[in-house]
Amino acid sequence: MEEKQKQGVSKRVLIIVIAVCLLLVGSIGAFAYNMYIHRNDNTDSKDDLSISGGGLVVTEDNKGNITQDLKKANKGNLVVRMTQGWVFTDGCTKSNAYLGNSTRNEGPVRFIITMADTGEILLTSPEVPVGSCIENFPLSVNLSPGNYDVVITHQLMKDGEPAGNVSTAASIVVK
């Protein structure tokens, strides 16, 4: 009886070992394929992320899982360019913030910054042409000193109307 139990345990251990090995081989294969696909990916500076519009929120936790396009963003996709660690000073009139419209996008982009918890609009930018940016910009609202969670909506514009958007989560510091 004991020998049958030992054989059952041995079979389970063998199955688990085989499953782990298959997962490991699959992961290595996926990593190698991803490296092969992006071997010539020469992105321009800042944090470029090419993502599909419509409800995706990009955070520090998931931005590494989002693939970058090699040249132009696919139709309906938007390449996000922005810095992290924004600090606003002097009544929110000065900042180190940067938002850019990548040369890989199809058209102008408008940025809308809102409070994550209330949806209060802190800034609506004008349309930013392809290859241009806004930087060191003020907020349209004077916030008390502290840390705030915000959502930055990147809207791809076509004929003055939003043609797609992506929202990114961020934190800002007001001094």
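For the numbers below, each heavy atom of this structure counts, side chains included, while hydrogens, waters and symmetry mates do not.
Inter-residue side-chain proximity for Asn105 and Ser102 is flagged as met; some heavy-atom pair is nearer than 4.5 Å. A heavy-atom distance below 4.5 Å is not found between the side chains of Leu123 and Phe111.
Between the CD1 atom of Ile152 and the CG atom of Asn165 there is a distance of 13.0 Å, given to the nearest 0.5 Å. The CZ atom of Phe88 sits 10.5 Å away from the OG1 atom of Thr93 when rounded to the nearest 0.5 Å. For the atom pair Cys133 SG and Leu99 CG, the distance stands at 9.0 Å (nearest 0.5 Å). The line from CE of Met82 to CD of Glu135 is 14.0 Å long, rounded to the nearest 0.5 Å.
Taking a 4.5 Å side-chain heavy-atom cut-off between Ile, Leu, Val, Met, Phe, Trp and Tyr, the cluster of Ile15 contains only that residue.
Residues satisfying the side chain to side chain contact (heavy atoms under 4.5 Å, CB included) test with Thr89, not counting sequence neighbours, are Val87, Lys94, Lys175. A search for side chain to side chain contact (heavy atoms under 4.5 Å, CB included) contacts involving Asn142 returns Cys92, not counting sequence neighbours. Remark: Asp159 engages no residue in a side-chain hydrogen bond (donor to acceptor under 3.5 Å, both in side chains) (not counting sequence neighbours).
Residue pairs satisfying the side chain to side chain donor-acceptor pair (under 3.5 Å) criterion with at least one member in residues 144-156, sequence neighbours excluded, are listed as follows: Arg110-Gln155, Asp149-Ser171, Thr153-Ser167, His154-Thr168.
A side chain to side chain contact (heavy atoms under 4.5 Å, CB included) with Asn101 is found for exactly one of Val128, Val80, Ile134, namely Val128.
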Which donor-acceptor pairs under 3.5 Å do the side chains of residues 112-121 make with protein atoms, sequence neighbours left out?
from: Thr118; atom 1: OG1; to: Glu120; atom 2: N; distance (Å): 3.2

